[in-house]
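Side-chain atoms are counted along with the backbone in the values below, which use heavy atoms only and exclude waters and symmetry mates. Numbers restart at 1 for each chain; the letters A, B, ... are given by sequence-line order, proteins then strands. Only a predicted model underlies this, so the values are computations on that prediction, with no experimental measurement involved.
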Number of protein chains: 2
Amino acid sequence: AYKIHLCACVCGRKPPEVRKDSPFTEKFFTQTLDHFNFNSFGNGTFCQRYLISDKFWQNGSGPVFFYTGNEGDISDFALNSGFILELAEQQGALVIFAEHRYYGASLPFGKDSFSRPLVGLLTVEQALADYAVMITELKQQLQADNCPVIVFGGSYGGMLSVYMRLKYPNIVTGALAASAPILSTAGVGDPRQFFRDVTADYEAVSPQCSAAVRAAFQQLQDLAARQEYRRIQSAFALCQPPSAPRDIHQLNGLLRNAFTFMAMLDYPYSTHFMGNMPAHPVKMGCDIMLRGPDLLANLRDTAAIVYNSSTPLSCFDLYNLYVECADPTGCGLGPNSLAWDYQACTEVELCFESNNVTDMFPPMSFSQADRRRYCSERWGVTPRPGWLRLQFWGDALSSASNIIFSNGDLDPWANGGVRRSLSSSLIAINIPEGAHHLDLRGANDEDPESVVRARKQEAELIAGWIQAERNRQKH
Amino acid sequence: AYKIHLCACVCGRKPPEVRKDSPFTEKFFTQTLDHFNFNSFGNGTFCQRYLISDKFWQNGSGPVFFYTGNEGDISDFALNSGFILELAEQQGALVIFAEHRYYGASLPFGKDSFSRPLVGLLTVEQALADYAVMITELKQQLQADNCPVIVFGGSYGGMLSVYMRLKYPNIVTGALAASAPILSTAGVGDPRQFFRDVTADYEAVSPQCSAAVRAAFQQLQDLAARQEYRRIQSAFALCQPPSAPRDIHQLNGLLRNAFTFMAMLDYPYSTHFMGNMPAHPVKMGCDIMLRGPDLLANLRDTAAIVYNSSTPLSCFDLYNLYVECADPTGCGLGPNSLAWDYQACTEVELCFESNNVTDMFPPMSFSQADRRRYCSERWGVTPRPGWLRLQFWGDALSSASNIIFSNGDLDPWANGGVRRSLSSSLIAINIPEGAHHLDLRGANDEDPESVVRARKQEAELIAGWIQAERNRQKH
């Protein structure tokens, strides 16, 4: 709804509320374009969006809860992170949700943002510097100089909240990093882990379920090997028949992606976070997979849980519903997906593979060589494997402090993160019944006991950090 | 002696030794041009110089001592930091002195390096990333993966070694930051501190000394007010007579700079670090200042300790011996001074003033407004006051560890640094008889007891860090 221009007047004007009943006000911050080069864009700025709520703030003394926005529209994260507001009410906090540059309404160069070389200002370091500058200036504006700041984030946003505490502990007292795969995205660990853990979710519902998925994919590969493309079109209700191995590869990717999404978003109630998702989608998918003998129909109907969830489609368009990119777990669609693809092509390493041995999917690899080739063609960039690990410490976290690494056991991202406490102030909280950052969501009647307990522990740890910071300030 | 090209072959060729009797070998590292933008120079690299000595290294197991090069030719720092080699001999360390980008032979774009926008890749963050990448890759090459790394640096190099430990503790186990003014250069503290402390050095020799300096400057101002420019020319042996207030301002700057240098480099024996300097130059300057009744001649002859030290000059050239820049303590001359001026115009804040009240010099201010004006004209950049403090924590160091902040009480930079220990692993070591990073110099018969003690304490702390790191690795 907002056209962003490079002018202070737009940043300055008071925008309307996000929603009538929202506790948040939408604002824009005049942000430095390039923190790391004084000669590239000179003193240029752009308008960075943030949502702010002082509804619960103990004015000038309560803490600041700052969500380090990730790869999407910031209002989506605000709407799906109710725990932060609930905690703000308990602890008298000011709440800010900051939008990541190049996402949502925070496009530094409007519709030209993804052209070269303008896209080059999209880096993790720039995003962190944005948040550091924004926190510092807003605290001054709001006369909140002595208010401890806690950062929150989910997924990549959780990675950013960890990085804020690592790189800017002068600004940030502690971080709650929910489902932050800081290891797997830095190339630490096994590239097979992700799709193995997706598979495990279906296997946990029943071994028959994952076996059915595996058998269905096998039928598809057999048809493809015989080039029975019409059969495949009708079985999967495709708008166009496939005509080449490339189309089969695309179909495999689209199907695998549906299982990935259901595993990540396997919440105990229906959600509207990344598209619409019914309650317990993995269970629902398994019910469909085991419904009858037509495995291909079952596979199609399971994928339809994801692709048919918003508007019922008369047919599936292979290349519109799913776009292959530098993230084998999916980049999504639209402008935000461009930005994420670029990040996966530069700093964030997502060379995950399925191989049909440690997982139930067709073999689909994405090696560093594949990544280099794709990223060079798509964006003209060369990824730098090892850079994220070097820059943000990988698993060498012993000198860090005041970070909660929460993870849900249902989440395929979980084992790419920190699963064991590393010290008395680097705390791992594991949530057996949790999917992707369930703990950040607001309380719900369907919440399993484990997430209720996790949120309680998180609240206590955060209150403790704030108290310790206040004690430190007194001395 | 080296022409630097953007090609791997030059980086790859084995260059000759620095000196026949030097323990160091000179090498070049193929370094990423822009760590923070994947689209600006693509995958471009430049040749970064470093000096390496494995003379004392316990191969593959001894620690790595890494000097984070600062604003000059790296061989100058290697030649004037003998303590690091002495400590390497004690502790079986590999020694690396890395040259800072845009200095010495490490010009990313050769002689075009200081044109716009190419100079934009000169930032503290790029320099730190250079060191982080270089350490990581050289450790792999040298099969030194488990060898703890200690960083060393003096002055701005000491700031960089602090920053390395703050931002890359995954790579760096500890830092010895000698005479690192991390507070004053980040805008924390009193802009009058520096020249007040220069003055205090002369006052400490005798109150008559600083009074004589003050009176001599007053005579100069009186002559200038009466426009007796010929008198001034002959009194100061200037090549050209001054002809305008601007020339008097320049003369004041040149003279103040001589006193600054002698205070910084007030070592107990003669040195050849930043030019040639006799032993105890402050004492020598005071002897000259109090030699006879002709105060202007005394002032001239005191300044000559600095300006006449290399080749005896028949006259002083006002604009060639000293160049005003964004650093009121002096940028030096030549290409390195360009790079430092640019850094003082962007991140490093050096808005120090003399005022003739808290110091003995003529009033010469350099406000943020002056800085903004100068830097915009000179480099087309706008400084960002507060950025260095935000980025590198200023005095908010409570979450840091394993840093020694050493300072000499004679050094006017000292009170711009950390003078009191902040914790059991953030140790301030004060050296009453020390000038600018005397402790980094090799042992000398003239060393005061206080620096001998300081080096011993530094050696013990560093050995302790290395031992602790080895213990941590075992678990």
[X], part contacting chain A, at a heavy-atom distance under 4.5 Å:
{"X": "B:Val124", "result": "neither"}
{"X": "B:Thr382", "result": "both"}
{"X": "B:Arg472", "result": "side chain"}

For chain B, find which of [options] contributes the most heavy-atom pairs closer than 4.5 angstrom.
{"options": "A:Ala396, A:Cys345, A:Pro169, A:Gly394", "answer": "A:Pro169"}
{"options": "A:Glu347, A:Arg389, A:Gln126, A:His35", "answer": "A:His35"}
{"options": "A:Val119, A:Asn170, A:Thr136, A:Leu122", "answer": "A:Asn170"}

Shortest non-hydrogen contact from [X] toward [Y]:
{"X": "B:Arg384", "Y": "A:Asn43", "answer": "NE-OD1, 4.3 Å"}
{"X": "A:Phe38", "Y": "B:Val381", "answer": "O-CG1, 3.6 Å"}
{"X": "B:Asn39", "Y": "A:Arg116", "answer": "ND2-CG, 3.5 Å"}

Can you find a pair of side-chain heavy atoms, one from B:Thr123 and one from A:Asn37, that are under 4.5 Å apart? no

| Is B:Tyr168 close to A:Leu390 at the side-chain level, that is, under 4.5 Å between some pair of heavy atoms? | yes

Are more than 12 heavy atoms from other residues, nucleotides or ligands located less than 6.0 Å from atom CD of B:Gln143?
-> no

**Report entry** Aromatic plane relationship, B:Phe36 with A:Trp387 - under 30° parallel, 30 to 60° tilted, over 60° perpendicular
**Finding:** perpendicular

